[in-house]
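The structure under discussion appears below in the form of structure tokens.
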Protein chains: 2
Amino acid sequence: MATIKDVAKKAGVSPSTVSRTLKDNPAISEETKIKVRAAMDELGYVPNIAAQVLATGLTHSLGVILPPLTNRENISQPFYMEILTAINEEASCNSQVVSIATGATLDELVKQVKLMHRQKRADGFIILYSETKDPVKDYLLKEKVPFVVIGAAVDNTNKVTYIDNDNKAIGQEAVFYLNSRGHQTIGFVTDDLFGQVGQERYQGYKDAVSELHIESLPELVFSSQTIDSFKKHLRTFLPTALVVKDDLVALRLIQWVNNQGIKIPKDYSIISINNSSFAEIMHPFLTTYDINIQELGKESVRKLVAILKDENTEPQKVTIPFHLIERESVTSI
Amino acid sequence: MATIKDVAKKAGVSPSTVSRTLKDNPAISEETKIKVRAAMDELGYVPNIAAQVLATGLTHSLGVILPPLTNRENISQPFYMEILTAINEEASCNSQVVSIATGATLDELVKQVKLMHRQKRADGFIILYSETKDPVKDYLLKEKVPFVVIGAAVDNTNKVTYIDNDNKAIGQEAVFYLNSRGHQTIGFVTDDLFGQVGQERYQGYKDAVSELHIESLPELVFSSQTIDSFKKHLRTFLPTALVVKDDLVALRLIQWVNNQGIKIPKDYSIISINNSSFAEIMHPFLTTYDINIQELGKESVRKLVAILKDENTEPQKVTIPFHLIERESVTSI
DNA sequence: TTGAAAGCGCTAACAA
DNA sequence: TTGTTAGCGCTTTCAA
């Protein structure tokens with residue numbers, strides 16, 4: 001494989017001139033640049049990254065940290081694969097490569113991230129989940145490793161850049177939309193009470209419901225353990241429409257509901273959030289908010305690259321817009 | 001950050017001794033190794049990979065090539081995320097890092113793989129799909145880059161290592177199982193006629209059906225465009241049980257079927273393949289063959305690492321065993 | 001505007 | 001069993 005020296009010889013210049021041409025250094029005259037580039041093309045020259053890394057300390061590679069694999073189902077959500085491909089695409093445009101970090105637990109994750117960082121296998125990281133007191137985040141912060149997180153701005157907001165949707169606003173919008181379609185009794189369905197995302201969306205629900213002066217229902221938890229109480233709640237509160245935490249919950253719900261002989265949207269209108277590929281595998285097709293995963297991924301790369309370029313880039317909270325995709329699961333009453 | 005020289009000085013040996021200790025070179029006495037390791041620990045020494053790469057030409061990083069993103073739904077299947085995490089886990093054990101390659105088309109994919117290889121960002125690759133006349137595979141073959149493919153051994157079987165399940169056997173097993181539960185008219189449902197995997201599974205179905213001397217039905221294609229003819233086929237052939245190509249198709253099918261008021265397994269028994277995380281989100285829970293994605297991923301890493309270690313490792317076809325997970329979607333008649 | 005040369009951290013051939 | 005030393009391919013300071 002051709003090296004910088006080969007190119008230099010061929011172009012009749014010194015290796016440093018070739019290196020500068022590679023970086024498009026303004027000190028080099030256009031004339032020689034053209035000469036050098038011709039030589040590169042002819043030899044099919046591709047810079048050796050390892051040598052670059054060694055000389056500059058920069059790897060041009062971004063680490064993407066997946067959430068701990070505590071439950072298999074979570075990681076299976078379309079979200080992760082979609083954001084991974086979006087990130088990779090934008091990274092390519094910035095001539096960065098994407099490496100991944102996974103682990104069964106947060107501890108394993110820290111270990112892997114630590115290694116990746118210390119071995120200089122990544123210049124910076126993108127964390128695909130957001131938790132308070134996350135040891136991974138703490139490590140990165142302590143070691144002053146550049147990183148951004150995709151998710152809610154839960155802590156250290158003055159020190160870390162968060163990229164996220166306005167989940168509260170989505171929850172609100174959903175209620176307003178349902179109400180505009182004539183619904184007066186609206187419920188909120190989630191699968192657990194602890195997730196950050198779910199809580200924000202529920203908060204939005206509560207805000208909207210109180211603003212509209214319509215009935216506020218407690219969170220309806222839909223999971224295998226809570227089916228019975230879920231059923232009971234449906235009977236006592238008699239909602240005509242449900243805001244569902246995300247498409248996965250909606251899928252499970254619609255599954256169950258179909259099985260019970262309940263009809264969507266006749267018996268209940270359902271509006272969900274994420275617009276994942278799930279939305280069109282269920283019947284009826286799901287009306288759901290698109291959270292723009294592409295943009296979430298790309299913006300996170302852009303922000304990280306900006307920080308990499310200039311350490312003093314101010315941490316910020318970036319909000320990616322969402323929009324409604326109307327399909328079949330909501331009806332007017 | 002501590003370098004090999006720092007360690008050498010601290011331990012009172014030469015840098016090469018430290019390097020050899022790192023590689024656990026048998027030429028170095030246990031005594032000095034202990035001394036050196038103590039010095040490493042004390043300094044928190046971590047080898048600089050870039051320097052290693054430059055000196056040895058080995059990156060200790062594996063490229064994982066995802067299928068072209070032609071349809072968003074495919075990549076969203078739980079399979080990819082699961083195999084990615086399995087691969088990463090096994091790679092970690094072999095102190096390898098995983099980098100990913102994605103692209104909208106095969107052309108983009110080749111471009112990215114080419115770059116990764118020429119920039120020395122990966123020693124070898126794992127391809128997560130299997131196609132004939134795949135330009136990516138061709139490039140890798142031409143450049144003699146080590147790689148393995150997870151999927152059917154479609155071509156160049158004497159030159160490339162394939163890791164896969166015996167999809168034909170799974171198709172057969174499914175029919176035998178259904179027949180053992182009393183079913184005599186069994187159909188095979190797929191979503192398209194072209195996928196390699198689906199074809200193999202259908203072949204297994206046909207073999208079994210002919211072996212059992214029971215009725216052989218044509219492939220029942222279930223997709224949004226073919227719903228009507230699918231319905232008609234169901235009515236004319238009157239199967240009591242269906243072998244479904246994979247869990248995603250099963251999910252869509254059960255969705256639709258529930259919506260139609262058809263009851264599973266009362267009206268039709270359904271057996272599927274993959275045992276993805278989908279299997280327990282549908283009602284009824286899906287009886288399906290587990291294809292052991294973990295093992296598929298890990299074995300591919302092991303094989304690739306073996307090839308990396310010894311170029312002359314013989315290409316082989318590795319078959320990962322499968323097993324049935326009985327849940328609720330099959331009943332005896 | 002360009003070149004010479006030192007050095008990034010590690011490995012491995014050779015010598016001892 | 002260990003040390004010396006010459007690179008690996010690139011960047012960058014300093015000098016011209």
Side-chain angles (χ1 to χ4, degrees), chain A residues 1-40 43-61 95 115-121 123 308-309, chain B residues 1-40 43-61 95 115-121 123 308-309:
Chain A
M1 243 165 223
T3 74
I4 220 170
K5 278 188 193 162
D6 302 324
V7 178
K9 199 173 291 170
K10 176 137 227 146
V13 297
S14 79
S16 41
T17 303
V18 177
S19 173
R20 287 180 184 118
T21 304
L22 215 53
K23 297 280 125 58
D24 206 15
N25 188 322
I28 305 293
S29 71
E30 268 316 309
E31 208 179 345
T32 27
K33 274 183 190 167
I34 289 168
K35 218 168 46 185
V36 172
R37 287 194 185 118
M40 286 180 177
L43 294 170
Y45 170 77
V46 175
N48 179 321
I49 297 290
Q52 246 167 235
V53 174
L54 191 55
T56 62
L58 282 180
T59 67
H60 294 286
S61 135
S95 45
L115 205 64
M116 285 178 74
H117 169 236
R118 308 197 59 182
Q119 293 190 333
K120 284 202 177 305
R121 284 185 180 278
D123 297 329
L308 252 21
K309 278 206 184 113
Chain B
M1 242 166 223
T3 76
I4 220 170
K5 279 188 194 165
D6 301 325
V7 177
K9 199 174 292 169
K10 175 138 228 148
V13 297
S14 80
S16 47
T17 302
V18 177
S19 174
R20 288 182 184 117
T21 303
L22 215 50
K23 298 279 126 60
D24 206 14
N25 187 318
I28 304 294
S29 71
E30 269 316 310
E31 208 179 348
T32 27
K33 275 183 189 168
I34 289 168
K35 218 167 49 185
V36 172
R37 287 193 184 118
M40 286 181 176
L43 295 170
Y45 170 77
V46 175
N48 179 323
I49 298 290
Q52 251 168 229
V53 174
L54 192 55
T56 61
L58 282 180
T59 68
H60 293 284
S61 134
S95 44
L115 204 64
M116 283 177 75
H117 169 235
R118 308 197 59 182
Q119 293 188 336
K120 285 202 176 304
R121 284 183 179 280
D123 298 329
L308 253 20
K309 279 208 184 113

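- The CD-P distance, from Glu31(A) to dT2(C), rounds to 8 Å in whole Å.
- Residue-level contact check: Ser16(A) touches the bases, meaning some heavy atom is under 4.0 Å from a base atom.
- Residue Val13(B) is in sugar-phosphate contact alone, with no base atom involved, counting any heavy-atom pair closer than 4.0 Å across all strands shown.
- Rounded to whole angstrom, the span from the CG atom of Leu43(A) across to the P atom of dG9(D) amounts to 14 Å.
- Screening Arg118(A), Gln119(A), His117(A) for a side-chain contact (heavy atoms from CB on, under 4.5 Å) with Leu115(A), the sole residue that qualifies is Gln119(A).
- A heavy-atom distance below 4.5 Å is not found between the side chains of Arg20(B) and Val36(B).
- In this structure, the OH atom of Tyr45(A) is 10 Å from the P atom of dG9(D), given to the nearest Å.
- Contact check, Thr32(A) against dT2(C): a side-chain N or O comes under 4.0 Å of OP1 or OP2.
- Side-chain N/O atoms of Lys5(B) include none lying less than 4.0 angstrom from OP1 or OP2 on dC10(C).
- With distances taken from any side-chain atom of Leu54(B) to the nucleotides dT1(C), dC8(D), dC10(D), the minimum falls on dC8(D).
- Base contact: Ser19(A) has a heavy atom under 4.0 Å from a base atom.
- Along DNA chain D, the nucleotide nearest Thr3(A) and the nucleotide nearest Ser14(B) are compared for position; the residue whose nucleotide lies closer to the 5' end is Ser14(B).
- Closest non-hydrogen pair, Lys5(A) versus Pro15(A), comes out as CG-CG, 4.3 Å.
- Distance CZ (Arg20(B)) to C1' (dC10(C)): 12 Å, rounded to an integer number of Å.
- Between Arg37(A) and Asp24(A) there is a salt bridge, since at least one side-chain N of the basic residue sits less than 4.0 Å from a carboxylate O of the acidic one.
- In this structure, the CD atom of Gln52(B) is 16 Å from the C1' atom of dG9(D), given to the nearest Å.
- Taking atom CG of Asn25(B) as the reference point, atom P of dA13(C) lies 11 Å away to the nearest angstrom.
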Determine, step by step, whether Ser16(B) and Ser19(B) satisfy the side-chain hydrogen bond (donor to acceptor under 3.5 Å, both in side chains) criterion, reporting the C-alpha distance in whole Å, the side-chain angles of both residues, the deciding distance to 0.1 Å, and the verdict. CA-CA 5 Å; Ser16(B) 47; Ser19(B) 174; over 6 Å; no

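- Rounded to an integer number of Å, the gap from Asp24(B) CG to dT1(D) C1' is 15 Å.
- Regarding Ile28(B), its CD1 atom lies at a distance of 13 Å from the P atom of dA12(C), rounded to whole Å.
- Map Ala55(B) and Ser29(B) each onto its nearest nucleotide of DNA chain D; the residue landing nearer the 5' end is Ser29(B).
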